[in-house]
Amino acid sequence: GAVVSQHPSWVICKSGTSVKIECRSLDFQATTMFWYRQFPKQSLMLMATSNEGSKATYEQGVEKDKFLINHASLTLSTLTVTSAHPEDSSFYICSARRTAAYEQYFGPGTRLTVT
Amino acid sequence: DAKTTQPPSMDCAEGRAANLPCNHSTISGNEYVYWYRQIHSQGPQYIIHGLKNNETNEMASLIITEDRKSSTLILPHATLRDTAVYYCIVRLGTYKYIFGTGTRLKVLA
């Protein structure tokens with residue numbers, strides 16, 4: 001149990017375009033989902049926290065107009081990187097917390113390359 | 001949130017116990033300690049968590065000192081597949097995780 005999927009697993013896009021990444025909890029309902037970014041040889045950095053049906057809470061320094069997060073259901077959250085630039089190239093990882101529990105379960109990650 | 005400190009890297013012989021330490025000297029009474037690991041280019045995998053009692057599951061054991069200022073994750077019989085970066089995280093009720101730099105464990109054949 002507690003499986004989280006992400007789609008796509010990798011994506012290459014051109015500078016200036018937008019990319020949407022999906023995060024799904026497959027076998028549980030996720031009240032809260034989290035989005036992280038990880039650069040090579042670095043640790044995970046929390047970008048935002050999203051609760052189903054409400055606006056996401058962004059960490060300091062993360063542009064909410066650039067990284068659009070939608071958490072429309074208890075099993076799906078999406079991250080859209082708008083007007084992507086090469087510096088947005090990174091490994092994006094989501095996690096989900098099931099209702100009435102505390103531990104987070106992580107997706108496999110999405111590698112974004114902006115050319 | 002409490003900050004964690006871990007050694008940057010460790011080696012362990014295959015079949016031996018791997019003991020990974022973590023310092024969390026500013027931990028508060030209601031903060032839990034979580035351990036995750038990340039194998040290259042994958043999402044972190046949950047291992048174990050605890051508050052103040054020692055915990056054991058099918059993957060590992062977690063030993064928390066009585067003053068709760070440090071903990072040790074024990075992999076009883078390390079295999080090559082346990083090679084990964086191990087993260088010790090302290091969580092408070094907002095559910096947020098703040099990842100530290102982790103320990104890169106290399107299991108040697």
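Worth saying up front: this structure is predicted, and the values here are computed from it rather than measured.
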Quiz item: Crowded around A:His85 NE2? As in, over 12 foreign heavy atoms under 6.0 Å?
Solution: yes

Practice problem: Carefully, step by step, assess B:Tyr97 and A:Phe34 under the rule ring pair (Phe, Tyr, Trp, His ring centres under 6.0 Å). | Solution: CA-CA 9 Å; B:Tyr97 289 173; A:Phe34 305 83; 7.0 Å; no

Self-check item: A:Gln6 portion near chain B, given a 4.5 angstrom heavy-atom threshold
Solution: neither

Quiz item: Less than 4.5 Å apart, any side-chain heavy atom of B:Lys96 and any of A:Glu59?
Solution: yes

Quiz prompt | Distance, nearest 0.5 Å, that separates CG of A:Leu44 from OG1 of B:Thr101 | solution = 12.0 Å

Practice problem: Using the rule that two of Ile, Leu, Val, Met, Phe, Trp, Tyr join whenever any of their side-chain heavy atoms come within less than 4.5 Å, decide whether A:Ile93 and A:Phe28 are in one cluster. | Solution: yes

Quiz item: Is it the case that one hydrophobic cluster holds both B:Val90 and B:Leu20, taking links as side-chain heavy atoms less than 4.5 Å apart, direct or via other members?
Solution: yes

Self-check item: Toward chain A: residues of residues 46-75 of chain B with heavy atoms under 4.5 Å
Solution: B:Tyr46, B:His49

Quiz item: Do you know which two heavy atoms are closest between A:Ser43 and B:Tyr87, and how far apart they sit?
Solution: OG-CE2, 3.4 Å

Quiz item: Which of residues 33-40 of chain B have a heavy atom under 4.5 Å from any heavy atom of chain A?
Solution: B:Tyr34, B:Tyr36, B:Gln38

Quiz item: Side-chain heavy atoms under 4.5 angstrom apart, residues restricted to Ile, Leu, Val, Met, Phe, Trp, Tyr: same cluster for A:Met47 and A:Val81?
Solution: yes

Quiz item: Among the clusters formed by ILVMFWY side chains lying less than 4.5 Å apart, do A:Phe106 and A:Val4 turn up in the same one?
Solution: yes

Exercise. Identify which of A:Met45, A:Gln38, A:Gln42, A:Arg111 forms the greatest number of heavy-atom pairs closer than 4.5 Å to chain B.
Key: A:Gln38

Self-check item: Close side-chain approach of A:Gln104 to B:Pro44, heavy-atom, < 4.5 Å
Solution: no

Quiz item: Do A:Leu79 and A:Leu74 share a hydrophobic cluster (ILVMFWY, side-chain heavy atoms under 4.5 Å, transitive)?
Solution: no

Quiz item: Counting only heavy atoms not in A:Lys20, do more than 12 fall under 6.0 Å of its NZ?
Solution: no

